[in-house]
Amino acid sequence: MSTVKTYRDPAALADAAARQVIAITREAIAERGQATLALSGGSTPRLLYARLAQDDLAAQLDWAAIHVFWGDERPVPPEHEDSNYRMAWEAWLSRVPIPAQNVHRMHGEMAPAAAAAEYEGMLRTFFAARIRRGDALTAAFDLVLLGMGEDGHTASLFPGAEAIREAKRWVTAYQVDKLASWRISLTPAALNAARHILFLVSGASKAGRLQQVLYGTYQPDRLPAQIIRPMRGSLLWMVDEAAAGRGGPA
Ligand code: 6PG
């Protein structure tokens with residue numbers, strides 16, 4: 001089931017999203033001893049990460065019990081300005097006491113196909129260990145954070161990509177024609193297994209596309225964000241008024 005909640009501006013959206021992340025993370029730790037989060041890149045989550053780094057919220061989490069992963073990555077080393085890992089690290093993770101071994105980045109500096117295979121292997125090993133210990137019944141992130149691009153892409157699932165229909169593999173790498181660049185991305189098979197999925201969308205430039213994705217004809221090959229339909233979990237869209245088409249800052 002999907003729900004849409006609208007917030008006044010990007011700062012209000014980031015604050016509400018941060019509280020949602022805290023609630024889901026705490027619940028996962030209370031119920032299963034660990035929380036697994038998959039992060040997104042992009043400008044919208046940067047404000048969320050900055051909010052999560054602030055003391056009042058950071059103090060609410062048991063950092064040793066949190067494992068952080070990424071939903072997608074660009075083909076760059078971790079220190080590169082385009083790196084999704086670097087963004088989350090600088091805005092959030094470097095500012096909180098998360099153990100280094102709990103931060104599981106995609107290796108954008110490797111050949112993309114090898115990086116995708118490596119990440120998938122790491123994820124399968126990680127979740128298999130949890131299942132063996134009885135901490136989890138299925139391989140599923142507790143929380144997946146996603147953004148949506150103006151063309152309707154999410155994670156690095158771009159319009160027309162075969163990856164949108166990937167049903168078996170959890171991680172894929174392919175060349176995105178419109179970017180003339182490789183991307184590494186979790187697939188719908190991995191994303192839709194999550195217990196909670198949170199989409200953050202902000203800005204007037206996304207208003208038309210958001211309406212199509214939410215209320216238009218189902219055509220995920222053209223609007224990849226529509227492929228996000230959790231198998232068992234919840235789907236919450238958190239958007240600002242501008243993205244909801246109610247004016248406000250772009
Ligand atoms: C990335 C992303 C991507 C992003 C959207 C929205 O690596 O760019 O993970 O899917 O979430 O493009 O990004 P903005 O919030 O910057 O518009």
Side-chain angles (χ1 to χ4, degrees), residues 1-25 37-54 57 70-74 82 84 87-88 91-92 141 143-161 164 176 178-179 183 185-186 188 191-192 194-230 233-250:
M1 214 197 70
S2 102
T3 308
V4 183
K5 289 190 179 172
T6 306
Y7 301 89
R8 196 178 59 253
D9 54 28
L13 169 62
D15 184 66
R19 291 170 195 284
Q20 191 72 18
V21 171
I22 300 276
I24 291 169
T25 304
L37 319 181
L39 307 186
S40 66
S43 54
T44 313
R46 185 190 295 270
L47 280 178
L48 162 66
Y49 299 155
R51 180 68 188 93
L52 283 164
Q54 289 172 356
L57 296 188
W70 271 261
D72 71 321
E73 190 53 278
R74 293 98 188 269
D82 292 341
N84 283 343
M87 193 277 278
W92 182 21
F141 294 107
L143 173 62
V144 167
L145 289 171
L146 291 173
M148 187 194 75
E150 286 174 22
D151 60 359
H153 82 259
T154 190
S156 280
L157 303 171
F158 283 82
I164 297 165
V176 182
K178 70 183 279 190
L179 303 177
R183 289 291 183 100
S185 185
L186 295 188
L191 298 167
N192 283 332
R195 288 199 174 72
H196 299 277
I197 300 179
L198 218 55
F199 255 108
L200 301 188
V201 186
S202 118
S205 63
K206 294 184 182 166
R209 194 65 78 194
L210 182 61
Q211 290 297 310
Q212 287 181 335
V213 166
L214 288 175
Y215 309 115
T217 311
Y218 185 68
Q219 42 180 346
D221 296 306
R222 290 183 58 195
L223 300 172
Q226 288 184 329
I227 202 76
I228 301 303
R229 292 181 162 186
S234 71
L235 173 58
L236 173 59
W237 289 82
M238 301 181 87
V239 310
D240 65 6
E241 287 187 358
R246 297 193 208 149

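- L47 and A11 get closest at one heavy-atom pair: CD1-N, 4.5 Å.
- Between the side chain of N192 and the main chain of I227, a donor-acceptor pair closer than 3.5 Å is present.
- In terms of heavy atoms, A18 sits closest to L57 at CB-CD1, 3.6 Å.
- Counting heavy atoms from C-beta outward, T44 and L48 have side chains that stay 4.5 Å or more apart.
- By the side chain to side chain contact (heavy atoms under 4.5 Å, CB included) test, L223 is found to be paired with R209, Q212, V213, Q219, Q226, residues two or more places apart in sequence or in another chain being considered.
- A donor-acceptor contact shorter than 3.5 Å is absent between the side chain of S2 and the backbone of L236.
- Taking every heavy atom of both residues into account, A91 and A53 meet most closely at O-CB, 3.5 Å.
- The CE atom of M87 sits 8.5 Å away from the CG atom of L39 when rounded to the nearest 0.5 Å.
- Listed for the R74 side chain is a donor-acceptor partner under 3.5 Å among the backbone atoms of D82.
- Shortest non-hydrogen contact noted between F199 and G147 is CE2-O, 3.5 Å.
- In this structure, L214 CG and W237 CH2 are separated by 5.0 Å, a value rounded to the nearest 0.5 Å.
- In this structure, A244 and T6 approach most closely via the heavy-atom pair CB-CG2, 3.8 Å.
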Worked check of side-chain contact (heavy atoms from CB on, under 4.5 Å) between Y49 and L145: CA-CA 11 Å; Y49 299 155; L145 289 171; 4.0 Å; yes

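- Between the CG atom in L143 and the NE2 atom in H196 there is a gap of 7.5 Å [rounded to 0.5 Å].
- Put simply, the side chain of L157 reaches to within 4.5 Å of the side chain of P188, judged on heavy atoms.
- In this structure, R183 and S156 approach most closely via the heavy-atom pair NH1-OG, 2.9 Å.
- Considering CG of L37 and OG1 of T25, their distance stands at 4.5 Å, rounded to 0.5 Å.
- Looking at heavy atoms from C-beta onward, Y215 lies in side-chain contact with V4 at the 4.5 angstrom threshold.
- Side chain of K206 to backbone of V201: no donor-acceptor contact under 3.5 angstrom is found.
- Looking at R222 and P159, their side chains never come closer than 4.5 Å, going by heavy atoms from C-beta outward.
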Candidate pair V176 and H153, rule side-chain contact (heavy atoms from CB on, under 4.5 Å), full reasoning: CA-CA 11 Å; V176 182; H153 82 259; over 6 Å; no

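- Note that OG of S185 is 6.5 Å distant from CG of L191, once rounded to the nearest 0.5 Å.
- Listed for the N84 side chain is a donor-acceptor partner under 3.5 Å among the backbone atoms of D72.
- Within the 4.5 Å cutoff, no side-chain heavy atoms of D9 are placed close to those of D240.
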